Each structure stands twice: as structure tokens, then as C-alpha cells.
There are 2 protein chains.
Amino acid sequence: MPTASVERQIESRLRDRDVRYTRGRRALIGALSSADGPKSASELFVELGMPLSSVYRSLNVLEEAGVVIPHHGARGLTRYEMAEWLAGHHHHLVCVNCGSVEDIQIPQGHETRLTSIIRDVATAASFTPTDHSLEIEGRCSRCA
Amino acid sequence: MPTASVERQIESRLRDRDVRYTRGRRALIGALSSADGPKSASELFVELGMPLSSVYRSLNVLEEAGVVIPHHGARGLTRYEMAEWLAGHHHHLVCVNCGSVEDIQIPQGHETRLTSIIRDVATAASFTPTDHSLEIEGRCSRCA
DNA sequence: TTCCTTGCAAACGATTTGCATTGGA
DNA sequence: TCCAATGCAAATCGTTTGCAAGGAA
């Protein structure tokens, strides 16, 4: 269940692009915005009981509209999560054992330091950064 | 063409694990160690003219031996690169336009700062970090 | 010689697509 | 009403695997 504000932002974004905000798409957004990490199409298929092809098609539409973003993981699995302008900037803890991905926020001070490191190295490489993510691999508390 | 030292380290690592260092595997290592970013199985297939299944099988063997590591990217494509103990620790510049991935090293001072940030946030999340990578998305110099 | 490795083709699993039908604005 | 969205099944694409033949130690 997305907050009313997020819900409104999505509605307006989709309307601007002539994309309908249908029952199925609302269900997907609901599942993704209440998750604590990215979810795969097949997880959503099981959770929502909606045809797999519809899950894939709607996720693609929502991705093109910039509402969700894909996260590519082990075994060729793609997991989706809410875009950062809706869910807030965050990083990932990737468990090398069970493959789970957990979202984390980092303290503002750290984020500032990170941004400055990125500006530095991107400039040195003639690269224009638009986004970044710190991927921390290791073992989650369950797999420790 | 890997350096003689890297070559020796790989030989010894594989010997320890009773894995043969064959012509095909040497070709893969040669291609990966002279690349400036990760390569996919199909790119290696085209570049080396070796059967796809052999490319996949050898990459899996080399991955299990800890010689190469997979990098999962857009459209479910897996790209491989030399493991960090052979190629050195580095980060990635991912072009959102052409999908290319470029390896970069960052200055020691920055790396130290990064490590301390990671230790901090992982501890707070009861996560045991084993590795990390800073993924910087944006436009490469060619696509700018 | 003895296994490990290779090649080929068939099998797989995740994702996409064609087409007829349904449904939202 | 009218075109986008959906459901189903078939097609695709990257990747894996069974099995017989070849090659390294």
C-alpha cells in the first residue's frame, strides 16, 4: 500500500504519458511499495495471482514510465523496486548465500562523502554520473 | 594476455583444485584479462570462435575456482571479469545508454573512506560484508 | 590409460510476443 | 465508443545438461 502522496505522484506521472493506471498495475505497485527489497516477476505472480505475462508486461510499462526500476541479480533473475524519486535514495545489501537483497539508507554524512567520491572519480574518467548505488555483498543476518 | 605472474597464480590455483588449465580456458583468461571491463559469454563466443556451451562451462569452472567473477547486467546478461585478487579491487561505471561497463580504480584515500562507511552501515544492519562495489550509472564519454 | 574436458544437440527457465478478448477513460 | 490492457499459448533468448568422442596428465 503506497502512501497517498506516492499514489498521487504515480497517477499523475502515468496520466502524463497516456498510460492507464489499472487494477493490475495498482496491485503491482502495492506489492512493491510495501516490500523491503526488490521482487521478481515470479514472486509477484505468486503473491498476486495475476498471469505471468501480465506481470512482465506491466512491469515493463511501469519501468518505461520511470515508476519502478529493475535490479539484475544472480541466475539471471530480475527484481523490481519502486524508483528512487518515489521510495527515496538507498543502497543494497546483497546476500551471497541466499540471494536476498535488502534496501538500506545510509546517514546523510556518509551519503555526502559518497557523493563527493563519485564526483571525483567520474570527472577523472570523463563520465557523467546520473545515479549511483553502493552494493555491499556478504551474509545477511539469517545466513550468517 | 595475462601477466606471467597472474598466469602462474591461476595455474597453481587450478592445480590445487584438480582443474585442468586447457587451451580453451587459457583463451578465455587471455580475453578477460586484456579486457577493460566485463565480457559476456556470447561476446567471448564471437571473439574466440569456441562453442557457446564450452564458453559457459569453462566460465562456470573458472568461477567456482574463484578465478573469474560474474557481473549481472541489463536484459539478464551475465558478464565475466577476472577476480579481484588477480586484477585488483575496482568499481564500475555503467553507461545507461549503451550498457557498457568500465572498470575504475579509485584513490586509496577514497577507498579507505568507502570501507569505513560500509563497515558502519553493515554493522547497523547485522550484515557481514565480504565485498563491495560502487556502481556509478550515467553516460560514458562516447554517449555523453 | 584414466578422467577431465569438449562438442553437439536437446532441454530449461526467464522473459517476450501474437492475437483475440476485455475493460477503462 | 475506442484504443490500451489482458490472458493464453507459442515463440525467444540466455544458459544448462546428457552423452559420446577427444585430450591432458
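It should be emphasised that the depicted structure is a prediction, and the values quoted were computed from it without experimental measurement. Within every chain, numbering begins at 1; the chains are lettered A, B, ... in the order of the sequence lines, protein sequences first and strands thereafter.
Going from atom CZ of A/Phe45 over to atom P of D/dC8 covers 10 Å, rounded to whole Å. Rounding to whole angstrom units, OH of residue A/Tyr80 and P of C/dT15 are separated by 7 Å. Nucleotide C/dC4 holds its P atom 17 Å from the CZ atom of B/Arg15, rounded to whole Å. Spacing between atom CG of B/Asn60 and atom C1' of C/dT5 amounts to 14 Å, rounded to whole angstrom units. With rounding to whole Å, A/Arg20 atom CZ is found 15 Å from D/dT1 atom P. Note: CG (B/Leu62) to P (C/dT5) measures 10 Å, nearest angstrom. Atom-to-atom, CG of B/Leu59 to P of D/dT15 comes out at 10 Å; the value is rounded to the nearest Å. A/Leu14 places its CG atom 13 Å from the C1' atom of D/dA4, with the value rounded to the nearest Å.
Screening A/Asp103, A/Ile104, A/Leu134, A/Ile136 for a side chain to side chain contact (heavy atoms under 4.5 Å, CB included) with A/His92, the sole residue that qualifies is A/Asp103. Between A/His91 and the choices A/Glu111, A/Gln105, A/Glu102, A/His110, the side chain to side chain donor-acceptor pair (under 3.5 Å) rule is met once, by A/Glu111.
In this structure, the helix from C/dT1-D/dA25 to C/dA25-D/dT1 shows an angle of 40° between the axis at its start and the axis at its end, each fitted on 5 base pairs and rounded to 10°.
Counting only residues at least two apart or in different chains, salt bridge (Lys or Arg N to Asp or Glu O under 4.0 Å) contacts with residues 39-49 of chain B comprise B/Lys39-B/Glu47, B/Glu43-B/Arg79.
Because its NZ or CZ atom is not both nearer than 6.0 Å to the ring centre of B/Tyr21 and within 45° of the ring axis, B/Arg15 does not count as a cation-pi partner of that residue.
Expressed to the nearest 0.5 Å, how far CD of A/Glu63 lies from OG1 of A/Thr78 amounts to 9.0 Å.
For the OP1/OP2 pair of C/dG7 and a distance below 4.0 Å, the side-chain nitrogens and oxygens of B/Ser54 include at least one atom meeting the criterion. Here B/Thr22 reaches the OP1 or OP2 of C/dT6: one of its side-chain N or O atoms lies under 4.0 Å away. Put simply, B/Arg25 has a side-chain N or O that comes within less than 4.0 Å of OP1 or OP2 on C/dT6.
Between the side chain of A/Arg139 and the backbone N or O of B/Phe127 there is no donor-acceptor pair closer than 3.5 Å.
In the hydrophobic clustering of ILVMFWY residues, with side-chain heavy atoms under 4.5 Å counting as a link, A/Leu114 and B/Val94 come out apart. Under the 4.5 Å side-chain heavy-atom criterion for ILVMFWY residues, no single connected hydrophobic cluster contains both B/Val67 and A/Val96.
Residue order along DNA chain D, read from the 5' end via each residue's closest nucleotide, puts A/Asp18 first among A/Asp18 and B/Tyr21.
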(request) Please lay out, stage by stage, how A/Ser133 and A/Glu135 fare under the test side-chain hydrogen bond (donor to acceptor under 3.5 Å, both in side chains). (result) CA-CA 6 Å; A/Ser133 173; A/Glu135 307 276 319; 2.9 Å; yes
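Taking the six-membered ring wherever Trp is involved, the centroid distance between the rings of B/His71 and A/His72 does not fall below 6.0 Å.
With D/dG23, C/dT6, D/dC3 as the choices, the nucleotide that has an atom nearest any side-chain atom of B/Ser58 turns out to be C/dT6. If you check C/dT15, D/dC3, D/dG7 against the side chain of A/Met50, the one that comes closest is D/dG7. You'll find that the side chain of B/Arg23 is closest to D/dA24, out of C/dT16, D/dT15, D/dA24.
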Tabulate atom names and distances for all N/O pairs under 3.5 angstrom spanning the protein and nucleotides 9-14 of chain D.
from: D/dG14; atom 1: OP1; to: B/Arg75; atom 2: NH2; distance (Å): 2.8

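At a threshold of 4.0 angstrom between heavy atoms, the contacts of A/Val19 are confined to the sugar-phosphate backbone, with no base atom among them.
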